[in-house]
Amino acid sequence: LIDQEERAISYCERVLAPLAARTHARVRVIRESVRRLLTDKRLAHTLGSCELIYSAGLFDYLNDRTFDALIGTLYSAVSEGGVLAIGNVAALNPDRFAMEYFTEWYLNHRSPEELRARTHALSPAPSKIEIESEPLGVNLFLILQR
């Protein structure tokens, strides 16, 4: 888990610790800004090798250049056969107008095709690329298997 907000980390530790203990999953907690880790080129080293990297609520704030840099770094930290899952709000979000007009909440909405295009420079190429969504289709998930 990477977050710069102490309360978010504390909450995740409380909720996930019992689950991790029951399933023997290993969860690492890192209190740091992803942007800073990426800028300092310490993110890949900090992560090490992971079987699963899941990101939600981050990539929709990133422009394409930063998206590409971060996806490359995260993908390089995924072990062979592992999965990188990235969430992003869909371009066809029916609430987009209300979000932007009433709350001035601007995201980088992306279509399934745009998400797939962000994978073109990954090396080695993913063995599997899928785009999934929750039932309403507002939140897309780019699922990459290394």
Side-chain angles (χ1 to χ4, degrees), residues 1-17 19-20 23 25-100 103-146:
L1 303 169
I2 300 176
D3 204 302
Q4 60 189 10
E5 172 58 46
E6 184 64 41
R7 292 183 321 189
I9 288 176
S10 296
Y11 174 79
C12 289
E13 286 177 317
R14 277 192 321 275
V15 171
L16 294 177
L19 178 62
T23 62
R26 188 173 48 117
V27 177
R28 282 182 275 165
V29 178
I30 302 164
R31 184 172 185 258
E32 183 66 82
S33 160
V34 171
R35 183 175 298 274
R36 182 168 169 194
L37 288 170
L38 187 59
T39 302
D40 292 349
K41 301 194 183 317
R42 294 184 297 130
L43 183 57
H45 173 65
T46 301
L47 289 174
S49 181
C50 304
E51 293 176 36
L52 170 67
I53 297 177
Y54 174 82
S55 175
L58 174 61
F59 279 80
D60 17 37
Y61 290 96
L62 306 179
N63 63 35
D64 287 345
R65 182 176 168 197
T66 306
F67 187 115
D68 292 347
L70 186 53
I71 194 175
T73 300
L74 293 178
Y75 185 72
S76 71
V78 173
S79 59
E80 188 173 336
V83 172
L84 172 59
I86 295 172
N88 205 115
V89 177
L92 299 177
N93 175 8
D95 296 324
R96 184 175 185 169
F97 174 77
M99 289 170 59
E100 293 177 355
T103 65
E104 296 184 5
W105 184 12
Y106 300 95
L107 300 173
N108 289 305
H109 294 74
R110 292 184 173 93
S111 68
E113 297 76 24
E114 289 171 313
L115 287 174
R116 191 176 296 276
R118 305 272 42 101
T119 69
H120 71 280
L122 297 176
S123 181
S127 63
K128 188 180 205 180
I129 301 173
E130 295 179 320
I131 308 290
E132 296 182 7
S133 72
E134 41 69 46
L136 295 177
V138 174
N139 298 293
L140 300 177
F141 300 92
L142 173 63
I143 313 292
L144 305 174
Q145 184 166 14
R146 186 163 174 146

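Contacts of D95 classified as salt bridge (charged side-chain N to carboxylate O under 4.0 Å, His left out), with partners at least two apart in sequence or in another chain: none. Applying the salt bridge (charged side-chain N to carboxylate O under 4.0 Å, His left out) criterion to E104, with sequence neighbours excluded, gives no partner residue. Under the side-chain contact (heavy atoms from CB on, under 4.5 Å) criterion, A98 pairs with F102, not counting sequence neighbours. Judged as a side chain to side chain donor-acceptor pair (under 3.5 Å), and not counting sequence neighbours, the contacts of D68 are R118. Partners of R7 by side-chain contact (heavy atoms from CB on, under 4.5 Å), not counting sequence neighbours, listed by chain and number: E5. For R116, the salt bridge (charged side-chain N to carboxylate O under 4.0 Å, His left out) test picks out no residue, with sequence neighbours left out. By the salt bridge (charged side-chain N to carboxylate O under 4.0 Å, His left out) test, D60 pairs with no residue at all, sequence neighbours left out. By the ring-ring contact (aromatic ring centres under 6.0 Å, His included) test, F141 is found to be paired with no residue, residues two or more places apart in sequence or in another chain being considered. Shown here are the side chain to side chain donor-acceptor pair (under 3.5 Å) partners of T66, two or more places apart in sequence or in another chain: N63.
A distance of 4.5 Å separates NE2 of H109 from CE of M99, quoted to the nearest 0.5 Å. Distance check, rounded to the nearest 0.5 Å: CG of L74 to CG of L84 gives 5.5 Å. Interatomic distance, CZ of R96 versus OH of Y106, reported as 10.5 Å (0.5 Å rounding). Expressed to the nearest 0.5 Å, how far CG of L1 lies from CZ of R31 amounts to 14.0 Å. Rounded to the nearest 0.5 Å, atoms OH (Y54) and CD1 (I143) are 8.0 Å apart. S55 OG to L142 CG: the interatomic distance, rounded to the nearest 0.5 Å, is 10.5 Å.
Between V89 and the choices N108, L140, L107, the side chain to side chain contact (heavy atoms under 4.5 Å, CB included) rule is met once, by L107.
Pairs of residues two or more places apart, or lying in two chains, never qualify as salt bridge (Lys or Arg N to Asp or Glu O under 4.0 Å) while including a residue from residues 73-88. The ring-ring contact (aromatic ring centres under 6.0 Å, His included) contacts involving residues 63-93 comprise F59-F67, where partners must be two or more places apart or lie in separate chains. Evaluation of the side-chain hydrogen bond (donor to acceptor under 3.5 Å, both in side chains) test over residues 129-146, restricted to residues two or more places apart or in two chains, returns none.
By the 4.5 Å heavy-atom criterion applied to side chains, I131 and R110 are not counted as neighbours.
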> Can you list the steps and then say if E13 with V29 is a side-chain contact (heavy atoms from CB on, under 4.5 Å)?
Replying inline: CA-CA 8 Å; E13 286 177 317; V29 178; 3.6 Å; yes
>> Run L70 and I86 through side-chain contact (heavy atoms from CB on, under 4.5 Å) and show every step you take.
In response: CA-CA 11 Å; L70 186 53; I86 295 172; over 6 Å; no
> What's the verdict on side-chain contact (heavy atoms from CB on, under 4.5 Å) for I2 and L47, showing C-alpha distance, side-chain angles and the deciding distance?
Replying inline: CA-CA 9 Å; I2 300 176; L47 289 174; 3.7 Å; yes
> Hey, mind stepping through I71 and L122 against side-chain contact (heavy atoms from CB on, under 4.5 Å) and telling me if it holds?
Replying inline: CA-CA 8 Å; I71 194 175; L122 297 176; 4.3 Å; yes
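Across all non-hydrogen atoms, the minimal contact from E51 to S79 is CA-OG, 3.7 Å.
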